[in-house]
Amino acid sequence: VSAAAANPAPSSRRISLAWAARQRVMIALILLILFGALRYDHFLGAYNVLSVLRYNSMFALTSLGMCFVIMGAGIDLSVGTTAAFASVVSALLSPYGLLPGLLGGLAAGFVVGAINGFMVTRMNIQPFIATLSGMLAASGSGLLLAQNQSVSVSYDTNFTWLGQGDLLGFPVPAWIAVLAYVYGSVLLNYLSLGRYVLSVGGNEEAARLMGLPVDRVKFLTYVQSGVFAGLAGVILAAQFGAGQPAEGVGWELFSIAAVVVGGTLLTGGVGSVATTLAGVLLLGLIFNVLNFENGLGWISLSAYWQSVVRGVFLMVVVMASSGAARRAVRSA
Amino acid sequence: MVDAPTIDRQGFSLDVAAFFRRYAALTALIVLLVFNFAVTPHFASWQTLNVNLTQVATIVIVSVGMTLVIATGGIDLSVGSLMAISGAIAPMIFLSSFGRSYPALGDALAFIVPVGVAGLFGLFNGWFITRFQVQPIVGTLVMFIAGRGIGQVLTNGNLQAFKNPMFQFIGLGRIFGVPCQVVIMLALVAAAAWTLRSTLFGRQILSVGGNERAARLSGVPVAAVKRWVYAISGLCAGIAGLVVVSINSSSDANLVGLGMELDAIAAVAVGGTPFTGGQATVVGTLIGALLIQLVRYTLLANGVPDAAALVVKGAIIAGAVWSQQRGKSA
């Protein structure tokens with residue numbers, strides 16, 4: 001959470017703003033969980049908790065990759081279709097076993113991420129356009145490979161364990177997401193590469209003058225985002241038993257929303273891994289709470305309300321952090 | 001072609017190669033047309049022209065508003081969702097008992113109300129972005145997420161099928177043999193190009209995008225200009241939503257305008273409007289959209305699968321933007 005404290009690039013005002021926003025998201029998440037726990041009988045039951053974690057692990061992974069790209073002042077629109085592409089690759093490789101399927105999906109993500117990074121750093125194409133191209137290319141590749149239909153995974157190998165299995169009573173995809181976030185947190189807070197990402201995102205010119213390998217750092221954030229999206233794709237294939245080339249629509253914008261709710265600034269230079277996870281869980285739990293509320297029978301809101309509620313929620317978060325902005329300016 | 005005069009530090013250059021790099025999209029469009037005349041069977045026909053223009057019209061209509069937004073240095077992710085809202089409202093009006101008992105009034109309202117509502121949501125985007133100093137990508141992400149939900153909630157996610165020749169004129173009718181939506185598209189392109197080139201509002205848009213502080217200091221009402229620009233983008237999306245449901249004879253809030261924001265942004269980028277704001281070319285956007293459409297048509301007409309066409313589309317977008325940047329630095 002104290003990610004930005006030692007970062008020299010952005011002004012102290014921006015840091016305190018982002019810090020305030022982060023406390024808010026943690027408090028909001030705790031309040032939502034408390035609300036659910038007090039109001040609904042089985043909200044904190046093992047079944048509900050585990051299925052929420054199992055399903056949202058995919059979004060957690062794409063959001064983590066997105067978080068680093070955004071901290072480097074970029075954006076990655078390709079995460080959804082990269083996941084879809086990777087799910088097809090891993091499903092096709094699943095007959096050869098768990099490891100080939102996993103590695104195939106990661107490799108697919110790596111390739112898309114590397115192409116994105118190349119376009120951004122070598123060809124100087126704005127991240128939005130570069131990753132939009134990457135998004136189309138990944139989607140087309142997935143559809144071509146899968147011949148426009150979903151590809152069943154093999155149940156002869158233990159590939160589906162990656163999406164459906166449990167380890168120590170905890171879903172495997174949730175384990176993967178937790179490990180990824182521990183890695184992300186260590187990378188951001190304790191490794192020089194993480195500090196470099198923040199410096200590059202905060203002030204690219206200054207970072208260049210300090211002698212940081214700016215292009216290499218940016219390239220790595222896109223590759224990392226691609227690999228995490230690939231991992232999400234592997235889980236998608238393993239969890240639903242099929243590689244799905246048409247899946248992943250809108251994941252990129254969901255991930256951006258989760259990162260923003262988590263208090264990471266889209267201008268780059270400031271961010272946090274832990275609150276990105278909180279952002280993912282908040283957006284995911286809203287749907288869960290709506291389901292429970294419908295189950296109580298007092299109201300009947302269709303599933304379509306979830307996007308309205310999510311949008312309004314994002315709006316409130318943005319407005320609240322802007323209120324913090326004005327107060328900070330006044331007190332400065 | 002460039003509506004806004006741009007400052008060229010190197011002075012006037014007659015370098016032909018640099019010219020073609022700069023106008024890569026136009027060059028590519030011409031090359032592709034020549035290729036098609038030579039290779040694709042039945043290409044030189046009214047039928048082909050009409051098919052392509054009809055398909056591209058909705059993207060261009062949305063892209064016109066998007067060009068103005070990007071000219072201010074912003075972006076509008078909500079256009080696809082606003083299309084869904086507009087497409088959901090129109091049939092609700094003329095299929096209602098009121099619309100059935102007063103068909104003429106019902107049809108008129110089915111044009112005005114959805115476009116007006118989409119414009120109001122656009123105005124909301126602009127208000128939200130300027131009032132709370134939010135980045136446009138986040139500000140319009142709100143309406144991107146909530147907007148389609150609003151459309152789905154309004155229709156309860158159901159498909160509304162209809163047959164209403166009067167209303168569907170906007171998508172199926174012809175004016176002097178030209179499809180109605182193509183006329184609308186050309187009118188909007190002309191109006192926006194004229195606005196950018198010759199009106200105070202157009203100059204204000206470019207000055208806000210070029211240097212917001214300088215614009216504010218020289219008395220440009222920055223917030224008002226931005227609000228208007230997003231409202232115009234919303235209006236364009238509203239019109240496009242009506243065209244789409246008219247063509248389909250049905251409205252499905254889950255699908256209308258899905259992914260349109262990215263198609264429109266791609267058309268604007270390929271057309272040569274930079275994302276940094278301050279410069280814009282609406283005619284370029286038209287060319288960009290035509291190029292993307294023609295690439296897809298060419299590939300499909302020559303037996304390349306749709307999925308491969310997606311990959312090529314991605315490459316075209318990256319290539320066009322890349323060559324424009326090289327053209328500028330050359």
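Chain letters run A, B, ... following the sequence lines, proteins first and then strands; every chain starts at 1.
Contacts between B/Asp306 and chain A at a heavy-atom distance below 4.5 Å are absent for every atom of the residue. Residue A/Ile115: no heavy atom, backbone or side chain, is found under 4.5 Å from chain B. Only the side chain of B/Ile75 comes within contact range of chain A, with at least one heavy atom under 4.5 Å from a heavy atom of that chain. Looking at A/Phe254, there are no atoms closer than 4.5 Å to chain B (heavy atoms on both sides), in backbone or side chain. Heavy atoms of A/Ala130 lying under 4.5 Å from chain B are absent altogether.
Listed options B/Leu258, B/Val138, B/Ile316 were ranked by heavy-atom pairs under 4.5 angstrom with chain A; first place goes to B/Val138. Per-residue heavy-atom pair counts under 4.5 Å with chain B were compared for A/Val249, A/Leu144, A/Leu143, and the maximum is reached by A/Leu144. For the options A/Asn148, A/Asn124, A/Val312, heavy-atom pairs under 4.5 Å to chain B are most numerous at A/Asn124. When each of A/Leu314, A/Leu253, A/Ile256 is scored by its heavy-atom pairs under 4.5 Å with chain B, the top score falls to A/Leu253. The candidate from A/Val260, A/Leu77, A/Leu145, A/Leu132 with the greatest count of non-hydrogen atom pairs under 4.5 Å with chain B is A/Leu132. Taking B/Val321, B/Ile317, B/Leu141 one by one and counting their heavy-atom pairs under 4.5 Å with chain A, the maximum is reached by B/Leu141.
Residues A/Ile129 and B/Ile265 are in side-chain contact: their nearest non-hydrogen atoms beyond the backbone lie under 4.5 Å apart. Between A/Met319 and B/Phe128, the closest side-chain pair of non-hydrogen atoms falls below 4.5 Å. Between B/Phe124 and A/Met315 the shortest side-chain heavy-atom distance falls below 4.5 Å.
Residues A/Gly311 and B/Ala146 approach most closely at CA-CB, 3.9 Å, considering heavy atoms. Taking every heavy atom of both residues into account, B/Ile150 and A/Val308 meet most closely at N-CG2, 3.5 Å. Heavy atoms only, all atoms of each residue included: B/Ala318 and A/Ile125 are closest at O-CD1, 3.4 Å. Closest heavy-atom contact between B/Gly149 and A/Ser307: CA-OG, 3.5 Å. Taking both residues in full, the closest heavy atoms of B/Leu310 and A/Ser139 are given as CD1-OG, 3.5 Å, listed atom of the first, atom of the second, then distance.
Of the inter-residue distances, the one linking B/Ile292 atom CD1 with A/Leu136 atom CG reads 9.0 Å to the nearest 0.5 angstrom. One distance of note links CG of B/Leu262 with CE of A/Met135; it measures 5.0 Å at 0.5 Å rounding.
Atom CZ of A/Phe219 has more than 12 neighbouring heavy atoms from other residues, nucleotides or ligands inside a 6.0 Å radius. Around atom CD of B/Gln55, more than 12 heavy atoms belonging to other residues, nucleotides or ligands sit under 6.0 Å away. A/Tyr55 OH: 12 or fewer foreign heavy atoms inside a 6.0 Å radius. Around CZ of A/Arg208, the count of heavy atoms belonging to other residues, nucleotides or ligands within 6.0 Å exceeds 12.
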